[in-house]
Amino acid sequence: QQRDYSAAQEVLLPPEMPNPLWIVELLKKLGATTSSSEVKRLIESKAIEIDGSVITDFKAMIAYKPGMIIKVGKHRIYKLQ
């Protein structure tokens, strides 16, 4: 199934941010969520995808890079610059 990421919201992360970053902190920086409990619920329901792979670990450390596609739920799509 081909996905259309043209509607993805482009996000520029500050250069002083640590890399890798905890999944919860990354999503908060993107503005995708405001609470850790919401992230935990999304991970448990397999609603967070990074570059096509589903995140299943709440403690995951994400090594982010420009061009990475982060999908939160069905409608929130972010592309890192």
Side-chain angles (χ1 to χ4, degrees):
Q1 178 178 345
Q2 189 62 38
R3 292 187 173 91
D4 178 24
Y5 292 125
S6 61
Q9 180 179 341
E10 297 204 355
V11 180
L12 183 61
L13 295 173
E16 69 274 1
M17 272 183 44
N19 194 357
L21 192 62
W22 183 35
I23 182 69
V24 174
E25 291 300 320
L26 180 60
L27 294 176
K28 284 181 180 180
K29 294 284 186 206
L30 293 175
T33 182
T34 53
S35 70
S36 301
S37 56
E38 184 185 0
V39 175
K40 188 169 191 168
R41 183 184 58 75
L42 287 165
I43 289 173
E44 286 171 355
S45 61
K46 296 179 174 30
I48 298 176
E49 251 181 57
I50 296 181
D51 284 343
S53 58
V54 176
I55 302 299
T56 55
D57 181 12
F58 180 67
K59 294 181 173 71
M61 296 298 283
I62 306 300
Y64 58 87
K65 59 190 183 303
M68 191 179 246
I69 301 284
I70 300 172
K71 197 172 167 210
V72 181
K74 288 184 176 179
H75 305 291
R76 292 177 285 183
I77 303 170
Y78 303 90
K79 182 177 182 182
L80 301 184
Q81 291 185 332

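All of these numbers come straight from a predicted model, not from anything done at the bench. Heavy atoms only: backbone and side chains are in, while hydrogens, waters and symmetry mates are out.
Placement of V11 and I55 within a single hydrophobic cluster is found when ILVMFWY residues are connected by side-chain heavy-atom separations under 4.5 Å, directly or transitively. M17 and V39 fall within a single hydrophobic cluster, where Ile, Leu, Val, Met, Phe, Trp and Tyr are joined by side-chain heavy atoms under 4.5 Å apart, directly or via other members.
Evaluation of the side chain to side chain donor-acceptor pair (under 3.5 Å) rule for Q9 yields no partner, not counting sequence neighbours. Qualifying side chain to side chain donor-acceptor pair (under 3.5 Å) partners for E16, counting only residues two or more places apart in sequence or in other chains: none. Here D51 pairs with K65 under the side chain to side chain donor-acceptor pair (under 3.5 Å) rule; sequence neighbours left out.
Atom NZ of K28 has more than 12 heavy atoms from other residues, nucleotides or ligands within 6.0 Å.
Pairs passing the ring-ring contact (aromatic ring centres under 6.0 Å, His included) check and including a residue from residues 47-67, sequence neighbours excluded, read W22-F58.
With rounding to the nearest 0.5 angstrom, the CD1 atom of I50 is 7.0 Å from the CG atom of L27. The CD1 atom of I43 sits 11.0 Å away from atom CD of E38, with the distance rounded to the nearest 0.5 Å. Distance CD1/I23 to CE/M61: 10.5 Å, rounded to 0.5 Å. Distance CD1/I48 to NZ/K71: 12.0 Å, rounded to 0.5 Å.
Closest non-hydrogen pair, S36 versus V24, comes out as OG-CG1, 3.5 Å. Shown here for L26 and I62, the closest heavy-atom pair between the two residues is CD2-CG2, 3.8 Å.
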Which donor-acceptor pairs under 3.5 Å do side chains of residues 73-81 form with protein atoms, sequence neighbours excluded?
unit_1, atom_1, unit_2, atom_2, d
R76, NH1, A32, O, 2.5
Q81, NE2, E10, OE1, 2.5

